Amino acid sequence: MNSSDRSPEGLNSPEPKPKNFIQEMVERDLAEGRSGGRVHTRFPPEPNGYLHIGHAKSIHLNFGIARDYGGKCNLRFDDTNPLNEDPAFVESIRRDIRWLGFDWEDREFHASDYYDQLYEWAVHLVREGKAYVCELDEKEIREYRGTVTEAGRPSPWRDRPVEESLDLLERMRQGEFEEGRYTLRAKIDMAAANMKMRDPLIYRIRHAVHHRTGDRWKIYPMYDFAHCLSDAIEGITHSLCTLEFKDNRELYDWFVENCPVSSRPYQTEFARLNLTHTVMSKRKLKRLVEEGIVEGWDDPRLPTLSGMRRRGYTPEAIATFCDRIGVARTDSVIELALLEHHLREDLNARALRVMTVLDPLKLVITNYPEDRTEVFQALNNPEDPDAGTHELPFSRELWVERGDFREDAPRKWFRLAPGKEVRLKFAYFVTCEEVIRNEKGEVIELRCTYDPQSRGGQSPDGRKVKGTLHWVSARHAVECEARLYSNLFTEAHPEAEGKDLLECLDPHSLEIRPHCKAEPYLASVAVGESVQFFRHGYFVVDPDTNEERRVFNRTVGLRDSWAKLEKKLQPG
RNA sequence: UGGCCGGUCGUCUAAGGGUAGGACACUAGGUUUUGGUCCUAGUUGUGGGGGUUCGAAUCCUCCCCGGCCAACCA
């Protein structure tokens with residue numbers, strides 16, 4: 001399927017894709033010659049956690065804008081708080097961005113690269129009378145700041161002589177004072193309606209070892225000071241961030257305008273991504289990991305990029321998803337179904353079809369010779385004739401899906417039931433003649449007869465069977481483990497009605513099937529590769545796979561219209 | 001209660017004074033050796049009241065609702 005086929009005029013008139021407000025802004029800026037006709041963006045993660053699907057939106061936006069308008073996009077680690085940051089996160093962030101398909105070339109930067117320059121500018125602000133060293137403690141600073149409805153009061157140190165501030169600042173840097181003793185603050189407006197402008201902190205004392213600068217620094221810059229100036233240093237033209245930074249923009253501009261920078265970046269805010277049935281905040285993700293609710297940052301139920309990769313998501317699916325959701329300034333929550341749609345769309349086009357029985361039930365073909373084996377050619381992918389075929393062995397004893405047999409078949413049941421005939425995919429028609437039970441009365445085996453004339457799955461007399469089942473030759477079956485993942489949360493909006501996150505957990509979000517039966521071809525699929533388990537869904541080979549054990553993660557199920565139908569039939 | 005931002009189908013997102021369109025979801029049908037895919041059709045929307053205008057989702061006004069801001073986090 002080619003999207004251009006849908007256009008009546010074909011390839012020559014692709015439907016014009018609407019532009020989002022950021023693209024419009026960039027085009028306008030380019031047309032007006034702002035920033036010298038340059039476009040330069042950046043993706044600025046703090047290395048204090050793993051990237052998630054929300055970051056993917058930002059990465060696609062920033063790198064996409066650069067790509068589409070002949071610009072560049074930097075990777076910059078916003079490492080201004082050594083307490084939270086870890087080089088392990090730096091590496092995971094690099095890996096995730098590369099996985100998404102983006103390349104920052106030689107432009108990997110760190111805010112810590114700029115500590116000297118930032119310090120110089122802080123000194124500049126003090127000399128200009130625009131910053132001062134304050135001795136209020138944390139609690140006092142909060143009190144003096146006032147509230148959203150009341151103006152703040154000036155710090156008693158606000159008018160400290162410049163030379164004194166300069167001296168104190170230098171000694172702060174040298175490590176002469178304990179943490180919390182002093183701060184450097186911008187002198188702006190304690191009565192500003194915008195709380196961010198009430199003499200915000202520029203530096204705080206931290207006797208911490210930074211993962212890149214070691215113990216060289218005893219003071220660390222705050223985000224609002226470091227971020228905008230880092231943008232200026234790098235010649236960023238468009239600094240894109242999420243909506244909650246709207247109020248910070250006034251401060252952003254203040255620092256850029258009051259420091260002798262040689263480049264003028266502009267901040268623009270867009271709505272962050274929210275998804276139903278999951279949580280996106282680092283705090284909540286961290287809680288799930290640390291309380292052992294999930295098995296780590298790469299747990300396939302998490303929306304972290306490493307989790308999604310392990311779940312079997314593809315970068316292509318994430319890309320088309322990001323493209324489709326757009327970029328706007330409205331707070332929004334995207335339905336998980338949309339993400340899953342793009343995932344199925346991608347996987348449907350390329351995942352090889354294989355047959356795996358998740359809940360095995362023995363099926364014996366009584367009129368098929370015991371010592372015989374046939375080999376059928378199984379189509380790898382009906383969506384892609386070029387994908388070829390693979391060999392599929394067939395014999396007298398097979399495994400079929402327990403759920404494909406019903407003693408008392410409901411209405412519109414196309415599958416196995418006493419006396420019913422079905423097609424075994426690529427093989428023969430079989431008819432269920434007898435049901436074998438154990439002493440507890442449980443069905444343990446189906447005895448069937450096959451029609452030799454139906455070889456390949458068609459009968460010469462043209463009779464139709466509605467049901468086509470997947471199966472695995474018992475003698476040739478490969479054992480494997482399937483991990484069936486579903487949403488971590490039962491609620492579309494966890495915590496929505498004052499519920500605690502943990503109350504919304506689905507206890508069945510992971511169901512392990514340790515003894516599945518797969519056709520032999522599956523043994524050759526490599527870790528990280530995706531396949532479709534016929535009639536079940538898309539699965540990916542998990543890294544836990546080794547010589548003794550093959551593990552498959554369910555990425556996403558196939559749509560199941562029978563499940564819907566059955567639900568509808570039931571009450572009536 | 002102060003400031004700022006924002007409200008278009010169930011969910012996202014277009015239309016920027018001139019036919020409210022697309023995608024997902026949902027419903028019904030068709031095709032099918034996956035109850036998958038694919039195809040066809042359909043339901044559903046401009047938060048509310050005033051105003052300007054031949055004409056308003058779009059401009060003005062009042063109201064309502066939602067989000068963000070009072071870390072030495074980012």
Side-chain angles (χ1 to χ4, degrees), chain A residues 1 15-20 44-46 48 78-81 83-84 134 136-138 141-143 145-152 179-180 182-185 192-198 200-206 219-220 222-224 226-227 241-250 269 271 276 282-283 321 324-342 344-345 348-349 353 355 379 381-383 412-415 423-427 429 456-458 465-470 492 532-537 557-566:
Chain A
M1 189 70 228
E15 285 172 28
K17 203 168 162 288
K19 295 193 164 30
N20 63 51
E46 184 188 15
N48 70 341
D78 233 333
D79 53 354
T80 56
N81 188 351
L83 267 32
N84 302 332
C134 182
L136 257 24
D137 67 23
E138 200 167 342
I141 287 178
R142 204 169 15 250
E143 285 163 5
R145 188 149 38 214
T147 69
V148 290
T149 52
E150 297 163 287
E179 292 189 4
Y182 295 103
T183 56
L184 182 73
R185 303 178 67 178
N194 181 351
M195 301 286 294
K196 299 286 181 196
M197 301 301 278
R198 321 243 265 225
L201 269 61
I202 295 176
Y203 274 104
R204 76 284 216 193
I205 298 172
R206 280 259 203 284
I219 56 172
Y220 290 92
M222 301 292 290
Y223 164 84
D224 285 301
H227 190 84
C241 65
T242 45
L243 253 23
E244 69 270 24
F245 289 98
K246 176 62 179 63
D247 288 350
N248 299 250
R249 186 163 86 204
E250 196 178 348
E269 310 83 22
T276 62
K282 275 183 187 171
R283 199 194 93 243
F321 169 74
R324 171 54 68 188
I325 59 176
V327 179
R329 271 173 297 210
T330 317
D331 285 311
S332 62
V333 186
I334 312 278
E335 288 178 348
L336 184 63
L338 182 60
L339 212 208
E340 293 184 336
H341 162 78
H342 287 281
R344 290 194 184 99
E345 183 177 60
N348 176 53
R353 272 59 169 174
M355 295 202 278
L379 198 56
N381 186 348
E383 301 297 313
K412 300 192 180 178
W413 178 257
F414 301 159
R415 310 176 189 179
R423 172 168 36 236
L424 297 177
K425 180 81 179 174
F426 299 128
F429 287 5
Q458 277 165 318
V465 292
K466 288 271 213 130
T468 300
L469 271 40
H470 62 284
Q532 184 196 96
F533 284 4
F534 217 76
R535 300 207 301 136
H536 281 303
L558 256 23
R559 294 186 55 170
D560 187 353
S561 57
W562 164 249
K564 272 186 206 169
L565 215 206
E566 190 177 28

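Every value quoted in this text rests on a predicted model; they were computed, and no experiment measured them. Order of the sequence lines fixes the chain letters, A, B, ..., with proteins taken first and strands second; residue numbering starts at 1 for each chain.
The separation between A/Lys246 atom NZ and B/G67 atom P is 18 Å, rounded to whole Å. Atom CZ of A/Arg142 and atom P of B/C69 are 15 Å apart (whole Å). Rounded to a whole Å, the CG atom of A/Leu558 is 10 Å from the C1' atom of B/G35. Distance CG (A/Leu201) to P (B/C72): 6 Å, rounded to an integer number of Å. Between the NE2 atom of A/His341 and the C1' atom of B/C24 there is a distance of 7 Å, rounded to whole Å. As rounded to whole Å, 6 Å separates atom P of B/U34 from atom CZ of A/Phe534.
Residue contacts for A/Pro45: at a heavy-atom cut-off of 4.0 Å it reaches no nucleic acid atom on any strand shown. Residue contacts shown for A/Tyr203 are absent, as no nucleic acid heavy atom lies under 4.0 Å away. When heavy atoms are screened at a 4.0 angstrom cut-off, A/Glu244 is found touching the sugar-phosphate backbone but no base atom.
B/A71 shows a glycosidic angle within 90° of 0 and is accordingly assigned syn.
Counting only heavy atoms from C-beta on, A/Ser332 has its side chain closest to B/U13 among B/U13, B/C72, B/G36.
Base pairing of B/C38: its partner is B/G30, meeting the Watson-Crick or G-U wobble criterion (both donor-acceptor distances under 3.5 Å). Base-pair partner of B/A20: not found among the strands shown (Watson-Crick or G-U wobble, both distances under 3.5 Å). Applying the Watson-Crick and G-U wobble criteria (two distances, each under 3.5 Å), B/U53 pairs with nothing in any strand. Pairing for B/C4 is with B/G67, a Watson-Crick or G-U wobble pair whose two hydrogen-bonding atom distances lie under 3.5 Å.
For A/Arg559 and B/C26, the shortest distance from a side-chain N or O to OP1 or OP2 is below 4.0 Å. Look at A/Lys564 and you'll find a side-chain N or O under 4.0 angstrom from OP1 or OP2 of B/C26. Here A/Thr80 reaches the OP1 or OP2 of B/A74: one of its side-chain N or O atoms lies under 4.0 Å away. Phosphate proximity of B/G3 to A/Asn194: absent, as no side-chain N or O sits under 4.0 Å from OP1 or OP2. For the OP1/OP2 pair of B/U32 and a distance below 4.0 Å, the side-chain nitrogens and oxygens of A/Arg423 include no atom meeting the criterion. Taking only side-chain nitrogens and oxygens, A/Ser561 comes nearer than 4.0 Å to OP1 or OP2 of B/G36.
Below the 3.5 angstrom threshold, one finds no donor paired with an acceptor across the side chain of A/Arg324 and the base of B/U13.
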